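Below is one structure, written out as C-alpha cells; the observations come after it.
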2 protein chains.
Amino acid sequence: MVHHQFAALGDPTRLAIVERLARGPAPVGSLPVPTAMSLPAVLKHVRVLEEAGLVSTVKRGRVRECRLRDDALVAVAEWTAHQQALWSARLDALGTLLEET
Amino acid sequence: MVHHQFAALGDPTRLAIVERLARGPAPVGSLPVPTAMSLPAVLKHVRVLEEAGLVSTVKRGRVRECRLRDDALVAVAEWTAHQQALWSARLDALGTLLEET
DNA sequence: CTGATGGTGAACCACGTGGTTAACTGTTGC
DNA sequence: GCAACAGTTAACCACGTGGTTCACCATCAG
C-alpha cells in the first residue's frame, strides 16, 4: 500500500518536514513549517507521517521527538525504481527492434 | 516542486494507472480503473498525472493515448534516494562515533 | 509553589478533490 | 449517411483535508 506514503509526501509542509528530519531528529516545535502555523496543525501533519510509516516519534519529558523511519523511504525508492525499470526496459526493447529492421 | 508528483501518486487509482503505463502506452478508455468508474473521472485523473509531468498524452483520431514520462519518475527516485542517503549517512556517522569511544 | 513551555484534544470552518450525470463533439465502420 | 464509439465539457455534490481557536494537561526552571 505504497500510495499512503506518496499521499503523505504530497503535501509541501510534510515534504519539508521529511527533508528536515533526514538531517536528524527534531522536536515537533522546531519543525520547518510556514511561519504562522499553529502547533495543532503541525501535530496533525506529524500524525499523518507517522500513519504512513515515514516518521516515528517518542515523547521524552514534555517534548516529542520525531525521527525519520528509513525503511518506508526505501519502499518508496524501490517502487519508483521498479516502474522506471519496466518502462526503460520497454524502451530498450523498442530500440533494438528498430535496429534489427 | 517534487511534491506535485507525490500528490499525483498519492491516489490509488492514479498509482494503478502509472503502474499500467510502465508496461506500455494505453488509451484512456482501457486504463485499469475501478470497474464502475465513469469516463470523465478517469480523464480527470489523467489530467492530474499530466499536470504533474508523469504522463504525456496525444490524441490520434478519436482515441487519446497515454504514455509514461520517464523523467518525472527519475526526479522522484532521485529525491527519495537523496533523503535516504542523508539519513543513512547520519546513522553511519553516529555508528563510527560510537565505535571510537 | 508558580509560572512559562511544549504538546494535546475537541469543535469548528473553508475549500479542494474525487466522484457523478447529462449533453455535446469528433471519428470510424458499414 | 448513420450509428456506435471515445472522449470532452459543464454543472453539480459529498466528504476529506488543512487549517484555525480555545481549553487543558504535564513538565521543567526558579
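Per chain, numbering begins at 1; letters A, B, ... match sequence-line order. We use all heavy atoms of the structure for the numbers below, so side chains are in, but hydrogens, waters and symmetry mates are not. The shown structure was predicted, so the numbers you read here are calculated from the model rather than taken from an experiment.
Note that the CG atom of B/Leu49 and the CD atom of B/Gln5 stand 10.5 Å from one another [nearest 0.5 Å]. Atom CG of A/Leu15 is separated from atom CE of B/Met1 by 11.0 Å, given to the nearest 0.5 angstrom. With values rounded to the nearest 0.5 angstrom, B/Leu68 atom CG is found 11.5 Å from B/Ile17 atom CD1.
Atom NE2 of A/His3 sits in a crowded spot, with more than 12 heavy atoms from other residues, nucleotides or ligands closer than 6.0 Å.
Summary of helix geometry: the two end axes of the helix from C/dC1-D/dG30 to C/dC30-D/dG1, each defined by five base pairs via their C1' atoms, are inclined to each other by 30° (rounded to 10°).
Under the side-chain contact (heavy atoms from CB on, under 4.5 Å) criterion, B/Ala41 pairs with B/Met37, B/Ser38, not counting sequence neighbours. Applying the side-chain contact (heavy atoms from CB on, under 4.5 Å) criterion to B/Arg64, with sequence neighbours excluded, gives B/Val28, B/Arg47, B/Thr57, B/Lys59. Looking at residues two or more places apart in sequence or on another chain, you find a side-chain contact (heavy atoms from CB on, under 4.5 Å) between B/Val74 and A/Gln84, B/Asp70, B/Glu78. For B/Glu65, the side-chain contact (heavy atoms from CB on, under 4.5 Å) partners at least two apart in sequence or on another chain are B/Pro25, B/Arg60, B/Arg67.
Tracing side-chain contacts under 4.5 Å through hydrophobic residues (I, L, V, M, F, W, Y), one reaches B/Val2 starting from A/Leu54; they form part of the same cluster. Hydrophobic clustering (ILVMFWY, side-chain heavy atoms < 4.5 Å, transitive): B/Val46 and B/Val33 are in one cluster. Both B/Leu73 and B/Leu31 belong to a common hydrophobic cluster when Ile, Leu, Val, Met, Phe, Trp and Tyr are linked at side-chain heavy-atom distances under 4.5 angstrom.
The side-chain hydrogen bond (donor to acceptor under 3.5 Å, both in side chains) pairs that include a residue from residues 19-34 of chain A are A/Glu19-B/Trp79, where partners are two or more places apart or lie in different chains. Applying the salt bridge (Lys or Arg N to Asp or Glu O under 4.0 Å) test to every pair with at least one member in residues 32-42 of chain B, sequence neighbours left out, gives no pairs at all. Annotation: ring-ring contact (aromatic ring centres under 6.0 Å, His included) contacts involving residues 7-55 of chain A, sequence neighbours excluded, are absent.
Between B/Phe6 and B/Val76, the shortest heavy-atom distance links the atoms CE2-CG1, 3.9 Å.
For the segment residues 5-23 of chain B, no residue has any heavy atom less than 4.0 angstrom from an atom of DNA chain D. Interface residues of residues 41-50 of chain A facing DNA chain D, ordered by number: A/Ala41, A/Lys44, A/His45; criterion, heavy-atom separation under 4.0 Å.
Between A/Met37 and B/Leu39, the residue anchored closer to the 5' end of DNA chain D is B/Leu39, taking for each the nucleotide with the nearest heavy atom.
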Original post:
Just by protein heavy atoms under 4.0 Å, how would nucleotides 22-29 of chain C read 5' to 3' in B, S and -?
Top reply: B---BBS-
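Here the range on DNA chain D touched by chain B, meaning any atom under 4.0 Å from one of its heavy atoms, is D/dA4 to D/dT9.
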